[in-house]
Amino acid sequence: NAGVMQNPRHLVRRRGQEARLRCSPVKGHSHVYWYRQLPEEGLKFMVYLQKENIIDESGMPKERFSAEFPKEGPSILRIQQVVRGDSAAYFCASSRQTGSGTEAFFGQGTRLTVV
Amino acid sequence: TQLLKQSPQFLSIQEGENLTVYCNSSSVFSSLQWYRQEPGEGPVLLVTVVTGGEVKKLKRLTFQFGDARKDSSLHITAAQPGDTGLYLCAGDSLTNSGSARQLTFGSGTQLTVLP
């Protein structure tokens, strides 16, 4: 998966707690995407970020969810006051640029379970 | 919203058989990517097609991009158990804001090749 690192791989949270998912993109990639996947389904776009900027968050719920990609450090997807419906696999992808045909490389995902 | 429909959703075949999976949309994409995802892992990029009518071959896998760049197919010859996985197509298009690009994923075809 070309070096995209996500942690933790598995995360268990009780309802009402906060979940923080981290993504370190491939070295040299300045574009990060977050996707959510439910069992036996495809990936649903959540948010697209460049360094220090949210470019498109149209796929992310307006409440409880936030994302950042600081100048230094990994991208963070934060889910506050988690509910059972937040249980899913969350994937991060990175790319070098966003021209036509740009290829994105995925991490191994974080599997969030809300109990 | 640009939608990608993949068919069939599930496919179970015997080793040695040939198969084709389809990825269709009413929207035009500037490029289209195929990924394979194994359980517990992130999607791995197989190929990117950019030009309408383009055909790319990767060993026993043949990918085709429709002339109108709205659909694509993946043909596997003499399938092997190692081909088992979730095959996802993703179209490259502008985000809702029109300011950037994103990948829109289909729901996937779950392929099982039985020995």
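Letters A, B, ... mirror the listed sequences (proteins, then strands); counts begin at 1. All heavy atoms count here, side chains included; hydrogens, waters and symmetry mates do not. Note that the coordinates shown come from a computational prediction; the quantities given were computed from them, not determined experimentally.
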Is A:Leu77 linked to A:Val32 within one hydrophobic cluster, defined over Ile, Leu, Val, Met, Phe, Trp and Tyr using a side-chain heavy-atom separation of less than 4.5 Å? yes
Starting from A:Leu11, can I reach A:Ile79 by hopping between I/L/V/M/F/W/Y residues whose side chains sit under 4.5 Å apart? yes
Pick one of side chain, backbone, both or neither for A:Gln6, based on which atoms fall under 4.5 Å of a heavy atom in chain B. neither
Distance in Å, A:Phe45 CZ paired with B:Thr104 OG1, rounded so as to fall on 0.5 Å steps: 8.5 Å
When clusters are formed by joining ILVMFWY residues with side-chain heavy atoms under 4.5 Å apart, either directly or through shared neighbours, do A:Val114 and A:Trp34 land in the same one? yes
Could you see if A:Tyr35 belongs to whatever hydrophobic cluster contains A:Ile76? Use Ile, Leu, Val, Met, Phe, Trp, Tyr and a side-chain cutoff under 4.5 Å. no
Are the aromatic rings of A:Phe91 and B:Tyr35 close, with centres under 6.0 Å apart? no
Return the OG to CD distance between B:Ser107 and A:Gln37, rounded to the nearest 0.5 Å. 10.5 Å
Counting only heavy atoms not in B:Lys57, do more than 12 sit closer than 6.0 Å to its NZ atom? no
Could you look at B:Gln6 and say if it's the side chain, the backbone, both or neither that has a heavy atom under 4.5 Å from chain A? neither
A:Arg9 CZ to B:Glu41 CD distance, which is reported to the nearest 0.5 Å: 5.5 Å
